[in-house]
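Just so you know, ligand 1 is whichever comes first in the structure, and atom 1 is the first atom listed for that ligand. It should be emphasised that the depicted structure is a prediction, and the values quoted were computed from it without experimental measurement.
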Amino acid sequence: MLRFVTAGESHGPSLVAILDGLPAGVPIDVQRLQQEMRRRQLGYGRGPRMQLETDTVELLSGVRRGITLGSPVALMIKNKDASIDRLPVVTQPRPGHADLTGAIKYDHRDIRNVLERASARETAARVAVGAVCQQLLASLDITLASHVTALGSVRATPAVAASATALRAKVDGTPLRCVDSAATKQMIRQIDAAVKTGDTLGGVFEVLAFGVPPGLGSYVQYDRRLDAILGRAILSIHAVKAVEIGDGVLGASLPGSSVQDEIFYKKGAGFRRSSNRAGGFEGGMTTGQPIVVRGFLKPLSTLRKPLRSVEINTKRPVVATVERTDVTTVPAAGVIGEAMIAFELARAVLEKFGSDSLRELQRNHQSYLRQVAQF
Ligand code: EPS
């Protein structure tokens, strides 16, 4: 079973992740890992911390001469800002962050003990894990990309992408990882306005996965439904408050005849659909069409224009602590979304094709694809 844990505080010495359960024989390209880390740091509206950090990944175990060994892979990202022991005590919780409930739950009188771990900096470790998983998936021709579909009140025109490579090429060099350049300009204007007022902005990112075989996940038990698993994975990302798969939200207000993807068959080409409103899932299983998952982020809760709060010792009304922060992280959240989906897909693939080595995995995968083609 593929699993991972992360450790590390935002301003501690480093972030660490252990990814356990990878098959042996997977080539790991460290340069490509590094590119994924860099993608998480980009985006107009990110704060000064991203100028400071390089988010360099060190592979500590589980990989030898660029190939996985089948043993746990440990990854480390050293923090340049490792000032945790010098940072002041925090006693004025920020509404919307983990501050107050975290302090109550763990009985901390210094909220810094909560916010250091609750910080979205932890997602750097997740992106490192996801980047390794993407390399495993690439060996089965499963590829992922993401883009921003809305930021603040601005919505982008939907992206039409035939492949992850095409979508990445379209968005990764743009300031907000968005296909719509006119919408990007408006988004930038909103970010600039939020900088002036000390506010923050949320938005929506979309993750797509291409080349996914039909039949990952299962309808037979609630906890084997892969769409539900992906929903949890996306909701686990900081500030995400809602998830959508395919046209899920729109579909709720339409008649059934306008929502399902009709089935066609052509000799030689097999079964096909002319639409993908289901976002690649029916009955909790992948259909073989691209997976389309969206994450909806609330605006970040660290505000330079702080909201009303209460000092936890005196119980007097105050305004919340002002921490250095980003104005928006929606472009980065898409990259984190990719990492989380990559991890869950890698896990589902390994569960279905059970494998200790890449060779065995590729053989089982190919044999299943032949079976599917003959159905
Ligand atoms: C982040 C690092 C953090 C924040 C952000 C994400 O760095 P610092 O706290 O030093 O500015 O920029 O964290 C949050 C938005 C949050 O709410 O915790 C990162 O590496 O992504």
Side-chain angles (χ1 to χ4, degrees), residues 6-17 34 36-57 75-90 92-103 110-131 146 148 151 176-177 191 194-195 198-203 205 236-241 295 297-307 309 320-340:
T6 70
E9 276 70 42
S10 181
H11 306 97
S14 56
L15 297 160
V16 182
Q34 211 44 63
E36 292 300 311
M37 299 305 293
R38 189 71 200 132
R39 287 172 79 224
R40 194 197 74 95
Q41 294 195 284
L42 299 175
Y44 194 79
R46 296 231 61 193
R49 183 81 188 269
M50 291 305 97
Q51 309 303 318
L52 181 70
E53 301 293 344
T54 51
D55 286 4
T56 307
V57 186
L75 303 138
M76 183 170 74
I77 302 141
K78 284 193 183 127
N79 284 324
K80 293 231 160 98
D81 181 352
S83 55
I84 191 165
D85 290 336
R86 298 188 299 278
L87 289 168
V89 170
V90 176
Q92 302 177 186
R94 292 162 295 174
H97 218 288
D99 295 359
L100 179 60
T101 311
D110 181 357
I111 289 169
R112 184 157 303 283
N113 294 338
V114 175
L115 71 86
E116 281 291 329
R117 179 64 185 159
S119 165
R121 177 118 192 92
E122 183 262 345
T123 60
R126 297 203 217 179
V127 169
V129 166
S146 67
V148 169
L151 202 147
L176 289 169
R177 309 195 54 255
I191 293 170
V195 170
D199 223 319
T200 56
L201 294 169
F205 66 83
S236 76
I237 299 169
H238 305 67
V240 171
K241 291 298 257 184
L297 278 95
K298 68 173 181 177
L300 299 178
S301 45
T302 308
L303 296 166
R304 281 191 301 107
K305 177 181 73 180
L307 297 175
S309 183
T321 304
V322 179
E323 289 271 320
R324 171 181 68 189
T325 191
D326 315 78
V327 175
T328 189
T329 54
V330 188
V335 177
I336 302 156
E338 271 177 58
M340 291 307 294

* Does the side chain of P306 come within less than 4.5 Å of Q92's, by heavy atoms? -> no
* Asked: Would R112 and S10 satisfy side-chain hydrogen bond (donor to acceptor under 3.5 Å, both in side chains), going step by step from the backbone distance to the final call?
  -> CA-CA 10 Å; R112 184 157 303 283; S10 181; over 6 Å; no
* Asked: Is the closest side-chain donor-acceptor distance between T329 and R40 under 3.5 Å?
  -> no
Please tabulate protein-ligand N/O pairs under 3.5 Å for ligand 1, atom names and distances to 0.1 Å.
residue  : atom   : partner : partner atom : Å
ligand 1 : 7 (O)  : R49     : NH1          : 3.4
ligand 1 : 10 (O) : H11     : NE2          : 2.7
ligand 1 : 10 (O) : R49     : NH1          : 2.9
ligand 1 : 10 (O) : R324    : NE           : 3.4
ligand 1 : 10 (O) : R324    : NH2          : 2.6
ligand 1 : 11 (O) : R324    : O            : 3.3
ligand 1 : 11 (O) : R324    : NE           : 3.3
ligand 1 : 12 (O) : D326    : OD1          : 2.9
ligand 1 : 17 (O) : H97     : NE2          : 2.9
ligand 1 : 18 (O) : H97     : NE2          : 3.4
ligand 1 : 18 (O) : S119    : OG           : 3.3
ligand 1 : 18 (O) : A120    : N            : 3.3
ligand 1 : 20 (O) : R40     : NH2          : 2.9
ligand 1 : 20 (O) : R121    : NH1          : 2.8
ligand 1 : 21 (O) : R40     : NH1          : 2.7
ligand 1 : 21 (O) : R40     : NH2          : 3.3
ligand 1 : 21 (O) : R46     : NH2          : 3.0

* Asked: Can a salt bridge be assigned to the pair R177 and E338 using a cut-off of 4.0 Å between side-chain N and carboxylate O?
  -> yes
* Under the salt bridge (Lys or Arg N to Asp or Glu O under 4.0 Å) rule, collect the residues that match up with D199, sequence neighbours excluded. => K305
* May I ask you to say whether R121 pairs ionically with D55, meaning some side-chain N is under 4.0 Å from a carboxylate O? => yes
